[in-house]
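Please read the structure below before turning to the comments.
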Amino acid sequence: MIRERIEELRRQLDYHNHRYYVENAPEISDFEFDAMMHELQRLEAEHPEYADPTSPTMRVGSDLCAEFRTVRHRYPMLSLGNTYSTDELHEFIERIEREVGPTDYVCELKFDGTAISLTYEHGRLTQAVTRGDGVAGDDVTANVRTIRSVPLRLRGEGWPELFEIRGEILMPYASFDRLNAEREANGEPLFANPRNAAAGTLKQQASSVVARRGLDCTLYQLAGDQLPFTSHWESLRKAREWGFKVSEHMRICHNAAEIDAFIAHWDEARRSLPFPTDGVVIKVNDFALRRQLGFTAKAPKWAVAYKFKAEQALTRLESVSFQVGRTGAITPVANLDPVLLAGTTVRRATLHNAEQMALLDIRPGDMVYVEKGGEIIPKITGVELAKRPADSRPFEYITHCPVCHTPLVRYEGEAKHYCPNQSGCRPQIIGRILHFIRRKALDIEGLGEETVELLYDNGLVHDIADLYDLKAEQLAPLPRLGEKSAENIIRSIRRSTEVPFRRVLFGLGIRFVGETTAKYLADHFRSLEAVMQASREELVEADEVGEKIADAILEYFTDAENRRIIERLHRAGLQFEASARELASEALAGRSFVVSGRFSRSREEMKELIEQHGGRNLSAVSGNVDFLVAGEKMGPEKRKKAEKLGIRILSEEEFLRMLETGAEPQVKAPAAEVPSAAPAQQTIGESAADTSEPRQGELF
């Protein structure tokens with residue numbers, strides 16, 4: 001009897017949850033729904049033998065912290081090529097119809113969230129994985145279970161025993177505004193836009209936090225080996241019957257004119273939607289034609305995204321404030337009269353530097369035009385001079401640090417001003433610590449910006465070396481930490497002593513020494529002691545190190561405080577010497593490469609392959625480069641320069657063949673397909689364990 005009651009409550013709650021969150025047509029009151037939920041929670045607590053991971057009670061989440069494991073995608077999660085031009089869109093349609101003849105297209109809104117892949121087995125949600133790098137992503141199943149528009153158990157019938165469905169996790173504007181209002185009241189930094197808020201929420205370690213933030217999920221693509229459909233439209237119609245939230249704003253279009261009309265309508269109508277969108281996706285409807293059209297290494301040839309142009313707004317510049325970065329760089333920020341722009345309320349925008357402000361002749365009190373670059377970062381593009389106040393005066397840039405009041409300096413050839421007080425300026429100190437702990441440096445988990453500020457303000461950390469003196473009992477009493485978090489942080493700090501020398505060198509935060517330069521310095525000098533003792537002439541002998549970088553390195557190691565910190569890091573056991581590197585082969589020995597664009601794997605993996613096989617990576621196209629490996633979205637100027645210098649341009653496929661054989665391709669072929677428009681962030685496909693074309697059927 002108890003089991004039957006539990007199952008009945010689950011069935012009723014699933015039904016009413018779907019009516020409320022998917023169909024937007026509730027049949028019972030919130031009170032009645034909550035009463036059933038409380039009864040189910042009580043019965044499940046009393047009878048743990050009837051636990052079920054797909055129970056509606058799982059949607060409230062847990063306060064336990066979860067570490068996300070990496071999962072390789074069963075099918076590749078491919079990107080979409082995109083365009084802002086109707087001419088280019090028409091060229092896409094013409095190419096399709098030259099190859100397969102007139103056909104139908106499905107036009108959908110392009111949702112501005114974070115991509116997700118959901119796996120269902122026997123009608124139950126078993127796994128939810130982020131896009132990651134397209135090959136593998138993070139398992140966020142516990143968090144996705146809390147999203148009420150995601151079905152935990154499917155409705156109806158006819159669904160395959162095993163399949164995946166892809167879509168977008170969104171934060172509706174109402175949830176975004178509520179979240180930022182809470183963060184502002186708590187003195188926490190605000191999220192820049194709903195996309196960032198959705199991505200950040202999905203990676204929360206406590207699923208109970210996710211449950212409270214009001215995420216939504218819209219699905220747009222099925223994936224599987226034996227899906228019983230012949231068209232995209234049919235597959236989504238069935239997905240809706242199974243309980244998935246599929247956009248109602250889709251249309252089958254038969255030609256370019258109908259597609260243009262759909263785009264024109266939503267370019268205006270999107271402003272009334274309760275969630276963020278940034279374009280329209282156009283897909284060939286017929287699956288057989290999709291198979292005929294095929295894929296590039298990174299994207300399907302049968303789909304494209306049309307991106308809406310950046311929205312612009314006119315508002316008043318109330319004041320200018322200044323931020324101090326970890327290197328002491330000063331960045332002016334415009335404080336604006338709040339204005340709605342691309343679905344979010346914009347209050348601040350970057351002004352870059354003194355030169356840019358002078359170029360715009362921007363002054364407090366001006367009415368200014370604001371737009372979002374790529375609909376993400378607000379920027380001021382101009383001043384409405386007709387509305388300038390009569391008593392307006394030119395803006396005078398600050399001469400002293402806004403935090404520590406040290407006189408600012410401006411280095412030769414630099415656009416920005418700098419605060420030189422690196423050892424006594426709070427934002428610089430905190431910024432250097434945050435740089436040191438980031439994933440590509442020492443990769444210390446559990447220490448975000450708020451925690452680092454907490455440690456600094458409580459006198460526990462004043463520089464990066466202080467991290468290695470911390471004890472769990474010092475951290476546990478601090479707000480928002482506790483014993484378990486404290487132990488995890490200390491454990492991660494200890495693990496960081498195993499991080500290789502090149503990342504330690506990068507983590508030191510030497511001005512102009514980025515990740516690649518640090519790698520070359522480590523390979524050239526092999527130890528930190530050798531770098532510290534090198535002369536200017538010896539430093540510039542290393543790859544990627546010019547006079548400007550050499551001078552910055554010398555300046556860093558001349559500072560007595562920096563040397564003291566390094567000595568403490570050495571005593572803490574950090575890796576100050578490079579380990580011997582074993583090559584996979586010498587297929588690329590003596591050859592230098594520049595890698596540019598997007599590939600079926602990350603650029604970091606491409607560069608790693610080059611080094612594993614004896615080649616050298618260079619960051620810029622010059623006469624020292626032997627090959628330019630060209631992927632999608634490669635800048636046209638880089639290609640032109642390579643062609644002018646006679647540098648061989650390789651596609652990804654040619655490069656991989658070169659790895660296998662060690663020989664250059666015999667015939668000069670065009671570089672990897674580079675659409676005139678950049679790939680969109682939206683993902684539509686899935687991720688294979690290799691770089692071959694997706695298996696037939698996996699997107700259908």
Side-chain angles (χ1 to χ4, degrees), residues 84 112-113 171 173 176-177 179-181 183-184 187-200 267 270-271 276-279 307-389 392-398 401-403 408 410 414-419 427 431 434 449 678 681:
Y84 293 86
D112 196 17
M171 179 167 283
Y173 294 132
F176 176 75
D177 291 340
L179 174 60
N180 264 353
R183 293 176 71 84
E184 189 168 29
E188 298 174 322
L190 305 185
F191 283 109
N193 51 58
R195 180 199 299 171
N196 288 0
D267 198 4
R270 65 190 170 109
R271 292 169 176 79
T277 60
D278 60 354
K307 300 290 290 293
F308 295 131
K309 291 180 175 60
E311 188 178 341
Q312 190 178 74
L314 185 67
T315 189
R316 186 176 303 281
L317 172 63
E318 298 290 350
S319 63
V320 177
S321 56
F322 295 87
Q323 296 177 340
V324 186
R326 68 174 177 86
T327 64
I330 306 296
T331 301
V333 177
N335 299 304
L336 306 168
D337 191 14
V339 61
L340 188 64
L341 183 62
T344 61
T345 301
V346 174
R347 294 178 172 85
R348 309 180 85 201
T350 180
L351 290 170
H352 302 291
N353 52 58
E355 285 185 356
Q356 184 66 21
M357 291 184 67
L359 186 65
L360 290 170
D361 186 23
I362 192 166
R363 309 174 186 184
D366 277 345
M367 294 299 292
V368 296
Y369 291 100
V370 186
E371 67 177 45
K372 287 188 176 182
E375 304 223 6
I376 300 174
I377 304 170
K379 60 181 179 181
I380 292 177
T381 58
V383 176
E384 181 51 75
L385 296 176
K387 296 179 180 288
R388 172 168 282 174
S392 175
R393 295 179 178 275
F395 182 79
E396 294 185 9
Y397 204 80
I398 59 173
C401 175
V403 178
L408 301 181
R410 188 171 178 183
E414 291 281 321
K416 286 184 176 291
H417 289 72
Y418 288 82
C419 170
L434 291 172
E449 183 174 356
Q681 292 302 311

Output for pair (Thr345 OG1, Tyr173 OH), nearest 0.5 Å, gives 10.0 Å
Aromatic ring pairing Phe395/Phe322, orientation class (parallel under 30°, perpendicular over 60°, tilted between): parallel
Here the pair of heavy atoms bringing Ala313 nearest to Leu340 is CB-O, 4.3 Å
* Asked: Is the backbone of Asp337 close enough, under 3.5 Å, to the side chain of Thr315 for a donor and an acceptor to pair up by distance?
  -> yes
With sequence neighbours left out, the residues meeting salt bridge (Lys or Arg N to Asp or Glu O under 4.0 Å) with Glu384 are none
By side-chain hydrogen bond (donor to acceptor under 3.5 Å, both in side chains), Glu355 pairs with (sequence neighbours left out) Arg410
Ala197 and Leu179 have their tightest heavy-atom pair at CB-CD2, 4.4 Å
All heavy atoms of Val370 vs all of Pro378, minimum pair found to be CG1-CB, 4.3 Å
Rounded to the nearest 0.5 Å, the OG1 atom of Thr277 sits from the NZ atom of Lys307 at a distance of 11.0 Å
Report task. Find out whether Ile330 and Val324 are in side-chain contact, i.e. whether some heavy atom of one side chain is under 4.5 Å from a heavy atom of the other. Result -> yes
To the nearest 0.5 Å, atom NZ of Lys387 lies from atom CG of Asp366 at 12.0 Å
Test item: Val346 and Pro338 side chains (from C-beta on) under 4.5 Å apart, heavy atoms: no
Only one of Ile380, Leu385, Thr381 passes side chain to side chain contact (heavy atoms under 4.5 Å, CB included) with Val383, and that residue is Leu385
Check your understanding: Lys416 side chain to His352 main-chain N or O, any donor-acceptor pair under 3.5 Å?
Key -> yes
Salt bridge (Lys or Arg N to Asp or Glu O under 4.0 Å) filter on Asp361, not counting sequence neighbours, yields Arg363, Arg388
The reported gap from CZ in Arg348 to CD in Glu318 (rounded to nearest 0.5 angstrom) is 13.5 Å
#### Entry: Backbone N/O of Gly365 and side chain of Arg316: donor-acceptor pair under 3.5 Å
yes
